[in-house]
Amino acid sequence: MAELTHSSASPPVAEATKWSVADAEQLYNIDRWSAGFFGLSDDGDVVVRGTDAVPPVVIKSVVEQVKRQGMSLPVLIRFQDIIAGRVRQLNESFAAAIDEFGYQNVYRGVYPIKVNQLHEVVDEILDAGKEFDMGIEVGSKTELVAGIAHLEDDDTLLLSNGYKDDTMIDMLLAAQKLGKNVLPIIEKYDEFTRILARSNDLGIKPAFGVRIRVKQSGSGRWAESGGDRSKFGISLPRLLDMLAELEERGLTDAFRLLHFHLGSQISDIQALRKAVREMCQIYAALRRKGVPVEFIDVGGGLGVDYDGTLGATEDGINYSMQEYANAIVESARTQCDREGVPHPVLVSESGRALTAHHSVLVVEVLGTNRKDFLEDLDIDIASRIADGHDVIRNMHGIYEWMRDIEQPKPSQLLEALHDALAKRDEVEQLFGFGYLSLEDRALGERLYWSICRAINNHIERDRPDWLPDELDQLDDHLADLYMCDFSVFQSALDHWAIGQRFPVVPLSGLDVQPNQRAVLVDLTCDSDGKVKSYVTSEADDSYLLLHNTEQHNPYYLGFFLMGAYQDIMGDAHNLFGRPNEVHVYADPDEPDGFYIEKSIPGTSVSVMLEFVQYFAEDLRRRMEKIVRAKVRDGVIKKREGVDLLESYGRFFSSSTYLE
Ligand SMILES: *Cc1c(COP(=O)(O)O)cnc(C)c1O
């Protein structure tokens with residue numbers, strides 16, 4: 001139909017540049033980061049594809065159903081099918097690698113609970129992982145308590161990392177006695193001593209793994225947790241002490257597993273290959289000494305390509321899941337064959353890669369703070385400028401200068417910007433003293449933004465090698481602010497803390513070209529409450545191209561790849577709690593192709609207040625006292641007082657976000 005609206009005189013180039021959903025996929029890099037789970041429908045809606053077996057689910061429909069059920073946004077949607085999909089992908093990748101390289105042993109994945117502790121997530125992983133013998137990894141006492149109760153099957157592997165006190169050691173030893181496949185991983189030498197002591201006291205034959213401090217570090221943002229400087233792991237001299245002690249006690253067969261962890265989000269696959277080789281050398285030496293080590297555990301670190309650039313930025317990784325598996329299996333096979341030792345069981349503790357994709361945070365844009373430009377004005381400004389105040393005429397002069405000048409020097413651009421800033425100040429002062437009408441002041445505002453944009457157009461056209469900061473930041477200055485009902489700190493902690501980028505995509509309307517430059521801000525009053533960089537194919541990642549929300553209303557944005565580390569780190573910042581949450585399964589028998597299995601209300605105001613020691617009961621009593629005094633003094637009527645207290649009371653059970 002769109003073609004019919006073109007007049008016959010319209011230039012053919014209009015056809016060639018017509019916007020399509022494929023352009024939208026490219027703009028937001030969707031193909032590159034979605035691992036095949038997200039895409040666009042022909043109508044421009046973002047869809048989820050859990051498996052090939054079920055048709056894609058339109059995320060906007062889930063949001064609409066959530067709203068019909070009376071829940072408010074923001075909402076965290078968990079697509080449970082994606083978790084199962086990732087578990088399968090990981091295990092199949094290793095199976096393929098084992099097959100390809102003729103590896104003579106198996107792969108056993110364990111899921112590190114800390115990455116997303118939510119019970120449903122852990123259950124889903126164990127469920128989907130059953131056919132692959134997936135196990136779990138715990139790193140604290142609380143996680144041990146949660147994890148150990150999930151070892152229905154004796155074979156399910158449970159690894160316990162992190163520092164362990166005697167109560168934890170006793171619990172782990174007791175589980176071993178029950179016949180469970182449980183291994184404490186020794187991080188510090190004194191843990192080794194205590195495990196021997198406790199098992200001796202309890203009369204249990206111990207089994208354990210040892211975390212080795214490898215030379216190799218993981219590179220990238222998270223690398224500190226591996227390498228020489230790592231606070232975790234046993235050094236090689238201490239390892240030899242350990243062996244001597246075990247030999248003396250006749251317990252060498254307690255030593256079952258070698259573990260290392262380079263840190264999360266390994267950005268360079270070569271680092272991993274080197275670490276695996278290093279570990280296999282140690283393994284071979286142990287085997288030759290008669291220590292029957294059975295497992296090599298390569299830790300976590302399987303990364304997620306958050307921006308889909310295959311390692312071109314700090315948020316990406318330079319390998320696929322299959323390459324990761326190939327690198328481990330091939331390095332282990334080559335090194336073990338060279339050393340003439342049997343191939344060990346390979347274990348990985350992949351958390352981020354299993355969970356990141358499954359959850360999407362949906363927020364609504366509540367309003368925008370758009371910049372006003374001269375061209376948006378219908379009235380004849382020529383006459384207003386001619387009749388107007390000098391300052392307005394001056395500004396218009398600067399505007400025309402910047403509009404018409406060709407190839408200006410950065411110094412000229414800077415001068416124009418400074419002049420515009422000075423004139424804008426002058427406009428405000430003159431208005432303050434009553435010398436300027438409201439209309440002229442508004443015109444001054446438009447002129448200011450139009451000058452800024454004219455300057456910015458030159459920068460974009462000429463792309464100078466070097467720019468003074470003020471000019472460099474113009475882009476940001478010109479972007480529209482899109483206010484969203486969420487908290488960056490609460491919901492995208494790693495963006496707030498370390499600048500990790502997450503893909504953000506409008507959930508619908510992508511058959512129409514988005515052309516507002518937007519910067520997302522949250523409702524906290526922090527200067528940090530802002531999304532500072534975006535996943536986009538635009539050269540400048542300080543803004544995101546979005547639609548005009550007056551024409552696209554309501555406007556929902558999805559924050560993707562939020563399932564690892566982000567969505568469980570609830571905190572009391574600004575007393576925003578956890579957002580509401582729903583768990584979605586795809587189902588072709590349902591009208592929209594999905595059903596919501598579970599909705600979890602977000603944190604209520606009263607729960608949030610209790611974190612900081614305000615209690616509903618006490619607050620209600622205080623409020624009652626205030627209201628009663630006002631009723632007594634005749635400031636309000638009794639009925640009004642009762643209504644007010646009722647409304648106040650309702651706050652406690654309401655969501656911390658806007659209703
Ligand atoms: C955090 C952690 C993991 C998980 O790492 P991912 O990169 O999320 O897979 C695995 N093992 C240990 C010891 C960890 O501390």
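Just follow the structure's listing: the first ligand is 1, and inside any ligand the first atom is 1. Note that this is a predicted model, so its numbers are computed, not measured.
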So if I count the atoms of ligand 1 from 1 in the order they appear, which ones are less than 4.0 Å from some heavy atom of [X]?
{"X": "G351", "value": "6 (P), 8 (O), 9 (O)"}
{"X": "K114", "value": "1 (C), 2 (C), 3 (C), 14 (C), 15 (O)"}
{"X": "Y565", "value": "1 (C), 4 (C), 5 (O), 6 (P), 8 (O)"}
{"X": "S264", "value": "5 (O), 6 (P), 7 (O), 8 (O)"}
{"X": "R352", "value": "6 (P), 8 (O), 9 (O)"}
{"X": "N161", "value": "13 (C)"}
{"X": "S350", "value": "9 (O)"}
{"X": "G301", "value": "5 (O), 6 (P), 7 (O), 9 (O)"}

Between F559, W33, Y534, F502, which is the residue that forms a ring-ring contact (aromatic ring centres under 6.0 Å, His included) with Y306? F502
Relative to the ring of F560, is the ring of F38 parallel (under 30°), tilted (30 to 60°) or perpendicular (over 60°)?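 Ring orientation, 0 to 90° scale: perpendicular.
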In terms of side-chain heavy atoms, does E120 have a donor or acceptor partner in Q80 at a distance below 3.5 Å?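 No, because no side-chain N or O of E120 sits under 3.5 Å from a partner of the opposite role on Q80.
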Before accepting this row, confirm whether a basic side-chain N of the pair R32/D305 lies closer than 4.0 Å to the acidic partner's carboxylate O. no
Quick one: closest heavy-atom pair of M134 and I125, and the distance? CE-CG2, 3.8 Å
Rounded to the nearest 0.5 Å, what separation is found between the CE atom of M168 and the CG atom of D165?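 Separation between the atoms: 6.0 Å.
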heavy-atom search around atom 11 (N) of ligand 1 in the protein gives E349 OE1, 2.5 Å
Is the positively charged end of R333 above the ring of Y103, judged by distance under 6.0 angstrom from the centroid and angle within 45° of the axis? no
Contact with ligand 1 for A564, non-hydrogen, under 4.0 angstrom: no
So, does P112 sit close enough to ligand 1 that a heavy atom of it is under 4.0 Å from the ligand?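 Yes, P112 has heavy atoms under 4.0 Å from ligand 1.
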Residue-level breakdown please: for H261 versus ligand 1, do any non-hydrogen atoms fall below 4.0 Å on the side chain, on the backbone, on both, or on neither? side chain
H261/D297 under side-chain hydrogen bond (donor to acceptor under 3.5 Å, both in side chains): CA gap, chis, key distance, verdict: CA-CA 8 Å; H261 175 61; D297 175 356; over 6 Å; no
